[in-house]
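Presented below is the structure to which this report refers.
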Amino acid sequence: MAERGVPQHAVAERAGAERAVPGSGPSRAAAQGGTGRPTGRQRHDSKITVYISSDELLALEQLRLRLRADHALPVDRGRLVREAVAAMIGDFDALGEHSTLVRRLRDTS
């Protein structure tokens, strides 16, 4: 059932996250076919919810697919967002007032 004012995909993602209780599913080795090799995925301590437009989501997904097709980089949307945040913070730390972030925020205010 959709929550009032919350996009359907956000409700579905939240429901999936609530079902994914650590220790309740198959072991990591079993999930990896019994090999015990790491998947490259990293567990994160904190979570935020960000609402974006349909166009922004489409652009993010197209970027993800281009990285996979053109550069053999199979990354998920969360990783793309974390990398973008890290790049934005690094740019701001290095350039301050002249950073891309400050310029873009000034342009939209």
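Since the model is a prediction, treat every value here as computed from it, not as a measurement.
One N or O on the side chain of Asp91 and one on the backbone of Thr100 form a donor-acceptor pair closer than 3.5 Å.
Atom-to-atom distance recorded for Leu57:CG and Arg77:CZ is 5.5 Å, nearest 0.5 angstrom. With rounding to the nearest 0.5 angstrom, the NE2 atom of His71 is 7.5 Å from the CZ atom of Arg66. Note that CG of Leu95 and CG of Leu101 are 11.0 Å apart. Values are rounded to the nearest 0.5 Å. Here the straight-line distance linking atom CZ of Arg104 with atom CE of Met88 works out to 11.0 Å at 0.5 Å rounding. For the atom pair NE2 (His98) and CZ (Phe92), the distance works out to 11.5 Å, reported to the nearest 0.5 Å. Atom-to-atom distance recorded for Asp45:CG and Arg43:CZ is 8.0 Å, nearest 0.5 angstrom.
Taking every heavy atom of both residues into account, Val102 and Gly96 meet most closely at CG2-O, 3.5 Å. Across all their heavy atoms, Arg64 and Val75 have their closest contact at CG-O, 3.0 Å.
Grouping the Ile, Leu, Val, Met, Phe, Trp and Tyr side chains by contacts below 4.5 angstrom, directly or via other members, places Ile89 with Leu105. Leu60 is not connected to Tyr51 by any chain of hydrophobic side-chain contacts under 4.5 Å among Ile, Leu, Val, Met, Phe, Trp and Tyr, and they are in different clusters. Hydrophobic clustering (side-chain heavy atoms under 4.5 Å, transitive across Ile, Leu, Val, Met, Phe, Trp, Tyr) groups Ile52 together with Ile48.
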Might you work through the side chain to side chain contact (heavy atoms under 4.5 Å, CB included) test for Leu67 and Leu80, ending with a clear yes or no? CA-CA 10 Å; Leu67 286 168; Leu80 288 176; 3.3 Å; yes
Starting from the C-alpha separation in whole Å, work towards a yes-or-no answer on side chain to side chain contact (heavy atoms under 4.5 Å, CB included) for Glu61 and Glu56. CA-CA 9 Å; Glu61 188 63 18; Glu56 290 167 329; over 6 Å; no
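Considering only heavy atoms from C-beta on, Arg103 stays 4.5 Å or farther from Thr108 through its side chain.
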